[in-house]
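Below: one structure, written as structure tokens.
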Amino acid sequence: MIAALAGLLLRAVVVLFGTALLTFALLWNSPGDPAQAIAMARFDALLTDDVIDQVRVEAGLDRTFWVAFLDWLGPLLRLDFGHSSVTGRPVWPDLSNAMGYTFPLALAALVIGIGVSLPLAYLATRRPGGWLDRASVAVATLGTAIPAYWLGLLLILIFAVHLAWLPAMGARTPAHGILPAVTLGLGVAASLTRIIRSGILEARARPFLPALRRRGVGSAAIGRDHVAPHAAVPVLTVLGLELAFLLEGLVLVEAIFGRPGLGSFLVTAIMARDFPHVQAVVVLTALIFVTVNLVIDVAYRILDPRIGGRDA
Amino acid sequence: MRSVVMLAVVMVTVAGIGPLFAPYDPTAINIPNRLSPPSSEFPLGTDALGRDILSRILHGARWSLGLAFVVSLISLVIGTAIGLLAALGGGLTDWVTMRTTDSFLAFPELVAAIVIAGLTGGGTWSLIFALAVTGWMRYARVARGIGLSLKTRGYVIQAQLAGMSGLAIARWHYLPSLLPSLTVVWTGMFARAILGISALGFLGFGVQPPNPEWGSMLLDARVHIRSTPLQMIWPGLAVVISVLAINLAGDALRDALAEERDGP
């Protein structure tokens with residue numbers, strides 16, 4: 001177990017380093033003059049070449065690739081994300097401010113997603129092939145085909161424009177978070193419902209269940225001690241994918257609802273060529289992603305001791 | 001298999017001949033008729049520049065479906081090549097390629113595509129590049145898995161001993177085993193590519209105006225959600241119907257393959 005954990009950790013570190021290097025190389029080699037874009041974003045005017053050169057030196061764009069990469073990586077290991085090349089302010093306060101908008105939204109969406117899909121999948125599998133089962137599969141299939149940005153617009157149309165129950169744009173009050181959270185949450189619920197449903201059905205088909213029943217084990221105890229852990233394994237597998245879906249959805253949902261979270265932070269930074277900001281979001285996303293997948297890998301081994309590794 | 005081939009044919013047909021049925025030029029600006037509701041003249045109404053929405057949806061199929069088709073095929077080729085390289089190379093080659101694959105997977109694909117498309121300047125080519133570069137990993141994993149299991153099969157080893165060329169072995173022994181599973185992955189990635197292209201279009205990093213693309217049409221329509229809400233219904237509906245059709249075909253194919261393998 002210790003050796004396996006060390007292996008997983010080493011792999012996570014290699015993957016993180018690879019992501020950081022790839023991101024940096026991509027930014028470094030992106031077409032167009034970043035110094036000019038930064039100067040434009042900062043001064044909002046056409047500038048002479050020597051001003052742009054000053055910006056280039058100040059933003060550290062005159063260094064060679066490896067020098068610049070190591071200059072960025074060193075402080076990053078101490079969680080120092082550097083300074084914005086547009087505003088000159090430290091990255092971290094602005095980044096954590098954006099996270100303050102994004103994390104509660106992600107959490108709410110996850111709660112809605114699990115809160116809808118778990119009972120729905122459970123009810124659907126009580127009578128496999130029944131109308132409720134078929135209806136929930138149909139709705140979930142449809143749900144996975146609806147893109148977050150369209151669902152968000154539909155919800156704005158119904159609840160903000162027609163009924164005028166909820167605010168649509170901005171993030172001033174908690175009420176502003178309801179529509180974004182529902183938009184994301186329903187997307188999560190759609191894909192989770194299908195996975196949990198087939199997980200439960202597969203677990204129920206296991207040959208040891210009739211044996212347990214014949215030994216007189218109650219159906220509640222079978223559900224809790226035998227069906228649930230078996231159904232949890234495939235669910236765990238997709239939770240990593242679900243997180244990717246959530247992060248992708250966040251960028252779009254924040255754009256639709258005008259929320260100043262990580263997604264908007266990223267889109268703004270890309271437009272302005274603010275490399276330190278883009279790098280910070282990318283590294284943070286990779287860190288979250290790798291950490292969650294590490295936790296999932298460990299949970300996997302605990303739930304199913306036979307598994308040596310997911311892709312073994 | 002047949003359902004997916006049929007689907008591909010139908011999609012390509014829609015993207016190919018759909019524009020022929022468009023009543024108007026999709027980029028023809030007609031300011032006096034701007035934001036008009038559906039009528040016999042403009043079946044789905046017009047947008048903020050007076051362009052016919054039906055014509056834009058039909059022409060948009062060429063962009064949204066056509067680009068998704070191209071992107072998913074490019075990543076299929078890249079991914080399969082990388083996966084087979086890992087499986088057949090073994091050892092260090094395998095380790096390096098698979099850790100590279102992990103690095104690419106260690107990041108939400110669409111977010112990566114947004115960063116890449118945004119930084120490479122926007123537009124159609126950077127869109128194709130961004131989505132292909134972030135879409136090959138699943139093919140690689142599947143191809144590697146199948147490649148590893150085939151490498152030690154008797155008939156493959158015998159073919160090698162009999163002096164069959166590497167290319168012939170790939171064609172006659174690897175391809176038939178790879179094709180079904182890769183086709184299933186492909187349907188999923190085709191659907192994802194449609195969603196990705198329209199998402200990037202919606203954020204402004206995708207197909208650039210005035211070209212009609214469903215995602216960028218949604219971006220245009222969003223501003224007019226109060227005055228002409230119907231304008232944002234049509235492009236979204238087009239995306240949902242396409243993705244749904246592809247997903248259902250993929251599900252049917254997967255079930256058919258599972259039945260073939262395990263018996264009915």
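The structure presented is a predicted model; accordingly, all values stated were derived computationally and were not measured. Note on naming: letters A, B, ... go to the chains in the order of the sequence lines (proteins, then strands), and numbering restarts at 1 for each one.
A:F69 CZ: more than 12 foreign heavy atoms inside a 6.0 Å radius.
Among all heavy-atom pairs drawn from A:I270 and B:V115, the shortest one is CD1-CA, 3.7 Å. Of all heavy-atom pairs between B:L244 and A:T141, the closest is CD1-O, 3.6 Å. Pairing each heavy atom of A:R273 with each of B:L119, the nearest pair is NH2-O, 3.1 Å.
Contacts between B:I233 and chain A at a heavy-atom distance below 4.5 Å involve backbone atoms as well as side-chain atoms. B:L219 does not touch chain A: none of its heavy atoms, backbone or side chain, sits under 4.5 Å away. When heavy atoms are compared at a cutoff of 4.5 Å, B:A191 does not approach chain A at all. Residue B:L248 touches chain A through its side chain alone, counting heavy-atom pairs closer than 4.5 Å. Interface remark: A:L153 contributes backbone and side-chain atoms alike to the contact with chain B (heavy atom separation under 4.5 Å). Within the 4.5 angstrom heavy-atom criterion, atoms from both the backbone and the side chain of A:L142 approach chain B. The contact between A:L26 and chain B is made entirely by side chain atoms (from C-beta outward), counting heavy-atom distances below 4.5 Å. If you measure heavy-atom distances from B:S126 to chain A, you find no contacts under 4.5 Å at all. At a 4.5 Å heavy-atom cutoff, the contact between A:I256 and chain B is made by backbone and side-chain atoms alike.
Under the 4.5 Å side-chain criterion, counting only non-hydrogen atoms from C-beta, A:R194 is in contact with B:D251. The shortest side-chain heavy-atom distance between A:L22 and B:F104 falls under the 4.5 Å cut-off. Under the 4.5 Å side-chain criterion, counting only non-hydrogen atoms from C-beta, B:V239 is not in contact with A:W150. Contact check for B:E109 versus A:F245: no side-chain heavy atoms found under the 4.5 Å cut-off. The side-chain heavy atoms of A:E248 and B:I114, taken from C-beta on, include no pair separated by under 4.5 Å. Residues B:L110 and A:V251 form no side-chain contact, since every pair of their non-hydrogen atoms from C-beta on lies 4.5 Å or further apart.
Checked options B:L195, B:V243, B:V240, B:L237; the residue passing with A:I146 is B:V240 (criterion: side-chain contact (heavy atoms from CB on, under 4.5 Å)).
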- Item | Candidate pair B:F205 and A:V267, rule side-chain contact (heavy atoms from CB on, under 4.5 Å), full reasoning | CA-CA 10 Å; B:F205 294 134; A:V267 172; 4.0 Å; yes

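Chain A forms the most heavy-atom pairs under 4.5 Å with one residue out of B:P229, B:S198, B:P235, B:S242, and that residue is B:S198. Most heavy-atom pairs under 4.5 Å with chain B: of the set A:V282, A:L266, A:I156, this distinction falls to A:V282. Ranked by non-hydrogen atom pairs under 4.5 Å with chain A, the options B:A199, B:A112, B:A113, B:G118 are led by B:A199.
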